[in-house]
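These values consider heavy atoms only, across backbone and side chains, with no hydrogens, waters or symmetry-generated copies. Chain letters run A, B, ... following the sequence lines, proteins first, then strands; residues in each count from 1.
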Amino acid sequence: MSHWSEATQERAREIISRYPQKRSAVMPLLYLAMAEEGYLTNEGMKEVADWVGITPAQVQAVASFYTMYKRKRTGKYLISCCTSISCMLLGGDDVLHAVEDESGVPHGETGADGLLSVEHVECIGACGGAPAVQVNYELIEGVTPDKARDLVRWLGSAQPEVVNTDEMQELFGGVRSFDWAIRDESGAVGPYPAFQPLGTVGSEGNA
Amino acid sequence: MTTPLVVTKRMTEFPADSHTIDRYEETGGYEQARRATGMTRDELVEEIKTSGLLGRGGAAFSAGLKWSFLAPSRPSYLVINADESEPGTFKDRQLLERDPHQMLEGIIITAIANEVHDAFIYIRGEYPKPARRVQAAVGEAYARGHLGKGILGSDYDLEVTVHLGAGAYICGEETALINSLEGLRGEPRLKPPYFPAAKGLYMQPTIVNNVETVSNLPHILAMGAEEFIELGHPLDTGTFMLSVSGHVKKPGNYELPHGITWRDLIYDVAGGIPNDRELKAIIPGGASSPWFVPEIHLDHQITKDVCAEAGSMLGSGAVIVMDDTTCMVRAAERIVRFFAHESCGQCTPCREGTTWMEMILRRIEEGQGRAIDLDLLLDVSDNISVGLGWPPKMTTICPLGPSAVSPVLALRDYFREEVNAHVELGGCPLRPVEVHA
């Protein structure tokens, strides 16, 4: 019945087994659905409904509540610019405008070639490294408008398969909220958070 | 400022590998959890109550007291609130990334104290890297038998699951978080009857604790409640973490003793204001908290009680500093916009009120404001927070709506002339401002 790959189905079964009631698995399964197709389709929501035994309408009610479940086709790279208070104070709006201008994609939209989506977001917990930007939820702190333009050009030319937070911080970042100290070897492969709950299996990587 | 570091000690001394289980165990890690497996619920609850530890998530409620309220029916659950989303707050992110085992040991202690065998760590969706770190730490702990069946050589079972949110500030409210974890929309529940300690996750007794709160637990057991009390203020024990952001030379997270002043924090700890500009306003405890101004509050001590007396709160410990180039209308608009965006929509005063407040503030900032607009803002605010006091008298299920009122109170109390100047000028008197270095 399932349209998902065998690996994804196995992951779904494992996720569901972690919860006392299987409806609790809705949120992680919605991320699996996004990873399958790049964004959340009606078919994806129907699939999730089947897995946890609720109706597609109930799944949609959940999905529509949370901003990270993208129900429209999203670019290969989702650029999220924080314009909440701490980032705004240090030029977050200018960073957003630089990203929009350089990419030609206004916030809330996706470019015609499907490469970039741009959005402005509320606080992403990087206030000590304001202004902050995320690419596929991987963080860059201390971004300037010029560096933001560089980032947009780099995504267009390098088109990395895996988006790595340390690499981007080195290339385009500045002040950080705190010393990151330890390199993170994994990263994001699409416009959804690079995290898989793996039960008892310890792993740093998802990419 | 010579108080020793507690929750940030290991990451400060061993920055390269403070997140690994090897470093954690070499520095005394999991010894207190092991000890806790031999202690009773009463002993543990009593020790934490005695320590005076207050929740570090914003509400500052006694952690031990919260535990003692847990209803007797079982199963009970533990949920760690790592949905850190209050604008200005980024302390939990550091604790999650840099010392995840410290939190896990706190989870084990909390679980034993509350007879919990299933714990969930709810991490905000925009924190994939912290979530990966925590998941890796959970994997390490399982591999060493510190989690799972018969933890730490005892006959106690404990399962820990990392759960990722998906972009909703309101899920930091504990009952909304529980709904979200049940696979529902993250809408807060009414209290009463839905106090988590009685009717929480799956309508069972549930403890919801913040990351920093549980990260303190191994240290309290190690040093003893008495020593922990001495680290802090008698009414607010231990150290606390402040996230400092905005117009300061050295933004960051600082673990501090209670009792220093705002002047110490801004001009000493955080290095002062860039370009030697003047301080204009301080948001003392996250976007929800009523603002302070230097003329009145700069030499106030940073404690829960002094803040409360002055009509605000320390909240999540997020200090946002604004210098004299900052337009207060614009700052207020940005904070109100946040709450309008994050309102879950259940309660009309919040859903409609925050949206109208955002629009009114924006039109003032953009030069379309009218002379009566401040009164209009206060009128709308009064519908969400009756009497406009602090703590608020709410007309809503949760405190999100009343939080949006805080910046409006600052405009009324300290910046009325600046609002009027916008209206008279037909635009912002502070723009264009220089770009900050």
Using a cut-off of under 4.5 Å on heavy-atom pairs, state which of [options] scores highest against chain B.
options: A/Asp179, A/Val26, A/Thr67, A/Leu30; value: A/Thr67
options: A/Tyr192, A/Tyr137, A/Tyr69, A/Trp180; value: A/Trp180
options: A/Glu138, A/Glu122, A/Gln134; value: A/Glu122

What's the separation between atom [atom1] in [X] and atom [atom2] in [Y], rounded to the nearest 0.5 Å?
X: A/Phe65; Y: B/Leu184; atom1: CZ; atom2: CG; answer: 10.5 Å
X: B/Lys129; Y: A/Leu139; atom1: NZ; atom2: CG; answer: 7.5 Å
X: A/Arg176; Y: B/Phe90; atom1: CZ; atom2: CZ; answer: 13.0 Å
X: A/Ser86; Y: B/Arg334; atom1: OG; atom2: CZ; answer: 11.5 Å
X: B/Arg330; Y: A/Met88; atom1: CZ; atom2: CE; answer: 5.5 Å

(Q) Just to verify, what does A/Arg71 make a salt bridge (charged side-chain N to carboxylate O under 4.0 Å, His left out) with, not counting sequence neighbours? (A)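 A/Arg71 satisfies salt bridge (charged side-chain N to carboxylate O under 4.0 Å, His left out) with no residue once adjacent residues are dropped.
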
Chain A contact via [X] - side chain, backbone, both or neither, heavy atoms under 4.5 Å:
X: B/Ala131; answer: both
X: B/Gln94; answer: both
X: B/Glu333; answer: neither
X: B/Ile170; answer: side chain
X: B/Leu164; answer: both
X: B/Val248; answer: neither
X: B/Cys344; answer: both
X: B/Arg337; answer: both
X: B/Thr161; answer: both
X: B/Ile335; answer: side chain

Q. Does any N or O in the side chain of B/Arg185 come within less than 3.5 Å of the main-chain N or O of A/Ser64, such that one atom is a donor and the other an acceptor?
A.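 Pair absent, no side-chain N/O of B/Arg185 close to backbone of A/Ser64.
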
So for [X], is it side chain, backbone, both, or neither that comes closer than 4.5 Å to the heavy atoms of chain B?
X: A/Asp93; answer: side chain
X: A/Val175; answer: side chain
X: A/Ala130; answer: neither

Q) Below 4.0 angstrom, N of the basic side chain to O of the carboxylate: do A/Arg183 and B/Glu97 qualify? A)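 So A/Arg183 does not pair with B/Glu97 through a salt bridge.
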
Q. Should the pair A/Lys22-B/Glu182 be classified as a salt bridge under the 4.0 Å nitrogen-to-oxygen rule?
A.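 Looking at A/Lys22 and B/Glu182, the cut-off is not met.
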
Q. Looking at A/Tyr19 versus B/Phe120, is the centre-to-centre ring distance below 6.0 Å?
A.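 Yes - the distance between ring centres of A/Tyr19 and B/Phe120 falls below the 6.0 Å cut-off.
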
**Q.** Any residue of residues 74-85 of chain A which, by heavy atoms, sits under 4.5 Å from chain B
**A.**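 Residues A/Thr83, A/Ser84, A/Ile85 are the ones that qualify, each having a heavy atom under 4.5 Å from chain B.
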
Q: Heavy atoms only, distances under 4.5 angstrom: which of B/Ala16, B/Ser180, B/Pro251, B/Ala141 has the most pairs with chain A? Name it, please.
A: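 Sorted descending by pairs with chain A, the first entry is B/Ser180.
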
